[in-house]
Amino acid sequence: MAHVGEKDNSLVNSGVWWDGFPATALLFFSVFIGLMWWTRRHKYLPPGPFFPLRLLSNTNNRKRYLIFIKYGQEYGPIYSLRFGNSLTVVLNNISLAKEALVEKAEVFSERFVTKAVQIGSRGLKGSILMGNGDDYKELRRFGAYALRSFGVGKRSLGSKINEETSHLVEAIHKEENKPFDPVHVISNAVSNIICSISFGDRFDYDNVKFQQLLEVLRTLTTDAPLLNFPVLICPYLMYFPPFSKQIHRNEVVKNFINDVVEKHHATLDANDVRDIIDMFLIEADQRKGETGPDNVYDSSSLWRTIFDLFGAGSDTTANSILWAIAIFCHYPDTQEKVYEEIKAVLGTEKLPVYEDRHRLPYTQALLLEVQRFRPVAPIVPHLCNRDATLGGYHIPKGTRVLINLWSIHHDPEEWKDPELFLPERFLDSDQKVISPDSLVPFSLGRRVCLGETLAKMELFLFLTSLVQRFRFYVPDGMELPSLDGVSGITLSPEPYEVCAEPRN
Ligand code: HEM
């Protein structure tokens, strides 16, 4: 009890407590409601870490694909990752990929593009690779038509690839069976095919300017800020080093393409359509004045369309060939089997044509296994455009959906001994090629790779011609190429050196 003159602290305190009660209660009530809302919203979401610390603390952008694989091993075929307010769902098996991209194609076929990618790319107007909506649909249609018109899938393009192979073989001969890094000649050869279709031109392997451009393209894809944590949180970091390098690289490619476009403008002849740039300029001219949603034929769409074909078509195919050569060094018997098959069916002189693939089942099986074993587009970004379900889980509108092609191609439920390189898995007991539904290196559904046929032609013709003429190996005492990849948008082998011994 308080005496006269003494302060009654208990009363004072209780008064303070009472005065603050409404505010405290309100705070608790809000937290409670917030928690209820969060729990209800997340209750039906795929499982996943409360906080994706492993991903966020990983500073090595180039090994990030391994973290997605690890989470898959922990949380199963579908899991979710939360970065602040945004939700990402990762699909790791073929039935979920089919459910999203085929059965629910209306919902899951859009591309997700982060603000950082938009800043780094200097705008995405006219992009096939990153676009959505009416512009995208029209440009994809144009791209498919243009590729067909310039011989994709036909003999005429096969001859062009054969011509390029002769240059490639000559360049490799110059290495005189000494160790060399094959990335420059392979990238140049592959890029020359898409260049001749798009620009009407090829570039010699000692053209320094073109080599620099290819190097810029390679770093553009390996350093792409797809899920790069700092720029995911603060996209405006893209304007500062080291991230701003992406902006500079895009500018370099853009200027290169715009120079070529300029020259095309000056020599354009509607009766002699030389390449895709000519085709685009003529279409733009014919549609002048049209205002409909499908008139997307302006200069910014032109450079971006050519950039997309060139970007998506160079690094991917070149990396598949580089993987095949690296794998040959680890599994030399597979290279010998391909050589023996080519020798028996085609001999050692005649350059293969695309139709020959039907007579070379082991070679075909090996190419399929290269694409399964080391998929060059390991993680494909899509967007959920309305509330939906996947695998029984709720997927809210706006969720980023990553199709994990690496995990799909290494799923032990689908592939026996997925970590082993076994071309025979694609041959039946009659030695006929089988291609299971679960092999999807070009993805599936509406956004399936636009250059699939071109890529298959290039892979077959370049690789068979090379094996017909060289044996790739690593001499004793030299390090074998690493089979770990470097990933950005594409998965490339780490730089390596090999020797190429002429076969004859
Ligand atoms: C081994 C070679 C290649 C592989 C493995 C590959 C794989 C892929 C994959 C996985 C996608 C994403 C599909 C999706 O979003 O679901 C894609 C898209 C695309 N690819 Fe390829 N690609 C290759 C070569 C090429 C070539 C040679 C071209 C050249 C024309 C090309 C052009 C494109 C384009 C334009 C897209 C965007 C399609 C769209 O978003 O609608 N690709 N590719």
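Counting starts at 1 for both ligands and their atoms, in listed order. Start at 1 with the first residue, then count along the sequence.
Ion pairing between a basic and an acidic side chain is recognised when a charged N comes within 4.0 Å of a carboxylate O; Arg287 and Glu138 show such pairing. The pair Lys337-Glu424 counts as a salt bridge, with a side-chain nitrogen and a carboxylate oxygen less than 4.0 angstrom apart.
Between Phe373 and Tyr331, the ring planes lie perpendicular to each other; the angle is over 60°, past the 30° to 60° tilted range. Ring-plane geometry between Phe210 and Phe203 is classed as parallel, the angle between the planes falling under 30 degrees on a 0 to 90 degree scale with a further cut at 60.
The local environment of NZ in Lys245 is sparse, with at most 12 non-hydrogen atoms from other residues, nucleotides or ligands closer than 6.0 Å.
Taking the ring axis of Tyr473 as reference, the NZ or CZ atom of Arg471 stays within 45° of it and closer than 6.0 Å to the ring centre.
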Using a cut-off of under 3.5 Å, which N/O atoms of ligand 1 pair up with protein N/O atoms, and what distance separates each pair?
{"residue": "ligand 1", "atom": "15 (O)", "partner": "Arg111", "partner atom": "NH1", "Å": "2.7"}
{"residue": "ligand 1", "atom": "15 (O)", "partner": "Arg111", "partner atom": "NH2", "Å": "3.0"}
{"residue": "ligand 1", "atom": "15 (O)", "partner": "His382", "partner atom": "NE2", "Å": "2.9"}
{"residue": "ligand 1", "atom": "16 (O)", "partner": "His382", "partner atom": "NE2", "Å": "2.9"}
{"residue": "ligand 1", "atom": "16 (O)", "partner": "Ser443", "partner atom": "OG", "Å": "2.6"}
{"residue": "ligand 1", "atom": "40 (O)", "partner": "Arg111", "partner atom": "NH2", "Å": "2.8"}
{"residue": "ligand 1", "atom": "40 (O)", "partner": "Ile128", "partner atom": "O", "Å": "3.3"}
{"residue": "ligand 1", "atom": "40 (O)", "partner": "Arg447", "partner atom": "NE", "Å": "2.8"}
{"residue": "ligand 1", "atom": "40 (O)", "partner": "Arg447", "partner atom": "NH2", "Å": "3.2"}
{"residue": "ligand 1", "atom": "41 (O)", "partner": "Tyr136", "partner atom": "OH", "Å": "2.6"}
{"residue": "ligand 1", "atom": "41 (O)", "partner": "Arg140", "partner atom": "NH1", "Å": "2.7"}

